Amino acid sequence: MEQQEHDAERAGDGTDVAKLARDVERLLWRATAAERMLAGVLRRMGVDQRQINRVHAAQDLDLAHAAGEANVVHEWLTGESIWGEYEEAMCGRYAIIDAPSDLRARFGTSNPLINFDPNYNAAPTQALPVIRLHPKEGTRHLDLLQWGLVPPWADLANKGLQPTNARAETLLEKPIFTQPFRRGQRCLVPMNLFYEWKKLGNTKQPYAFAAVDRSPFAVAGLWEVKKVSEGEFLRSFTVITGKPNQLVQEVHDRMPIILPESAWATWLGEIPNAMPDSVLKTLPAELMQAWKVDAAVGNVRNNNPGLLDPLP
DNA sequence: CCAGACGTTGTT
DNA sequence: GTCTGG
DNA sequence: CCAGACGTTGTT
DNA sequence: GTCTGG
């Protein structure tokens, strides 16, 4: 939308433009809240999400669309979008190909080795290796956890929130993250590289981002455990994202928070009185390399070393 | 106080 | 569990 | 993150 | 467009 001047407080017919803009904004949020409320009620009644969408359509309750129209009006009146500026992309796919014994050596874990295959296309919902501090033994453990944070109070039947990412900037403000953060349920997520997709008109071009020496990154994460039944627990994790460095910025507006080795102990909680959130900083671009990869990585069923081959 | 939500990204 | 909105 | 699916009745 | 599954 073109930038416009909005110096005039009143239109020619005496309309209070600022008041009109406030009214539009208030109505927009009420409409959005009403839609969410209705959807929430139906969901709790056990109605399938697709049916909920059909109810919205059948009852002309396409309030999201109405909100979009309202925002157009709001932008015209004030020159600003109610939703503000949006940012692009996150961290939703990576590769972890080091053998379990290599990860144990690199991160100094001491629990019995588990077995897992090299994963060239790690995606949300998969069981993936993370490093945690065992609270009683005080030692580091390497375990497989499910990607997508499932808090203990989650309603599994309703498939609630399972965020794959947490924004570093707002980590301590979000109820779903404050609990694991404060309880020291912080972890390192090893990645040999992560993928980001660059939008090019109608197409997308995936890129790989790795350390200069291709050794695994330690990405900051949080983990949770939920009791599913007697003796059965669901352990899960989420990846923390932050601002991109100059290298990643060419492709996307977010990147995972990669911790230098000097920050591992602080993040894991091995150092008393250290401030874990103080280590959540963007890794400098000089420590990373990037290259184009084949679009085949988009399909999670593709999982082979060829996905890492550089494209010209 | 209770009820209800709790996240990310990407789009209008 | 814990925070926000009413 | 992307790929792939996306119904059927009866209806204010 | 929007949701689910991987």
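Atoms considered below: every heavy atom in the structure, side chains included; atoms not considered: hydrogens, waters and symmetry mates. Only a predicted model underlies this, so the values are computations on that prediction, with no experimental measurement involved. Each chain gets a letter, A, B and so on, in the order the sequences are listed, and its residues count up from 1.
Atom pair A:F194:CZ and D:dC1:P shows a separation of 14 Å (rounding to whole Å applied). Atom CG in A:L193 sits about 18 Å away from atom P in D:dC1, given to the nearest Å. Rounded to whole angstrom, the span from the CD atom of A:E196 across to the C1' atom of D:dC2 amounts to 13 Å. When rounded to the nearest whole Å, the span between CZ of A:F177 and C1' of B:dG7 equals 5 Å. A:Y94 places its OH atom 16 Å from the P atom of D:dC1, with the value rounded to the nearest Å. In this structure, A:K198 places its NZ atom 15 Å from P of D:dC2, rounding to the nearest Å. When rounded to the nearest whole Å, the span between CG of A:L149 and C1' of B:dC6 equals 11 Å. When rounded to the nearest whole Å, the span between CZ of A:R167 and C1' of B:dG7 equals 11 Å.
For A:T125, whose side chain is taken as the heavy atoms from C-beta onward, the closest listed nucleotide among E:dG6, B:dG7, D:dA3 is E:dG6. Out of E:dG6, C:dG1, B:dT9, the shortest distance to the side chain of A:R254 is found at B:dT9. Comparing atom distances between the A:Q179 side chain and each of D:dA3, B:dT8, C:dG1 picks out C:dG1 as nearest. The side chain of A:N299 has D:dA3 as its nearest neighbour among C:dC3, D:dA3, B:dT8.
When side chains are defined from C-beta on, A:L280 counts as touching A:W267, because their heavy atoms get closer than 4.5 Å.
The aromatic rings of A:F217 and A:F194 lie tilted to each other, with the angle between the two planes from 30° to 60°.
Pair assignment for C:dG1: B:dC6, on the basis of Watson-Crick or G-U wobble contacts that are both within less than 3.5 Å.
The same atom, P, is picked in B:dT11 and in D:dA3; the two are 14 Å apart, to the nearest Å. Comparing the C1' positions of B:dG7 and D:dC1 gives an interatomic distance of 15 Å, to the nearest angstrom. Here the separation of E:dG5 from B:dT8, taken at their P atoms, is 22 Å to the nearest Å. Across D:dC2 and B:dT9, the matching C1' atoms stand 13 Å from one another, rounded to whole Å.
A donor-acceptor contact under 3.5 angstrom links the side chains of A:N121 and A:R93, judged on distance only.
One finds a side-chain N or O of A:K199 lying less than 4.0 angstrom from the OP1 or OP2 phosphate oxygen of B:dT11. The phosphate of C:dT4 has neither OP1 nor OP2 within less than 4.0 Å of any side-chain N or O from A:K174. For A:R93 and D:dA3, the shortest distance from a side-chain N or O to OP1 or OP2 is not below 4.0 Å. At D:dC1, none of the side-chain N or O atoms of A:N121 fall inside 4.0 Å of OP1 or OP2 (strictly under the cut-off). The phosphate of B:dT9 (OP1 or OP2) has a side-chain N or O of A:T241 nearer than 4.0 angstrom. Within the 4.0 Å cut-off from OP1 or OP2 of B:dT8, at least one side-chain nitrogen or oxygen of A:T170 is found.
Partner of A:L171 under the side-chain contact (heavy atoms from CB on, under 4.5 Å) criterion, out of A:T178, A:I257, A:L222: A:L222 alone. Across A:L128, A:L193, A:N192, a single residue satisfies side-chain contact (heavy atoms from CB on, under 4.5 Å) together with A:Y94, and that is A:L128.
Within the nucleic acid shown, A:P152 has no heavy atom closer than 4.0 Å to any nucleic acid atom. Here A:R182 lies in heavy-atom contact (under 4.0 Å) with sugar-phosphate atoms only.
Evaluation of A:W153 against the base of C:dG1 yields a stacking contact (centre distance < 5.5 Å, interplanar angle < 30°).
For the residue pair A:P190 and A:F107, the shortest heavy atom distance occurs at CB-CE1, 3.9 Å.
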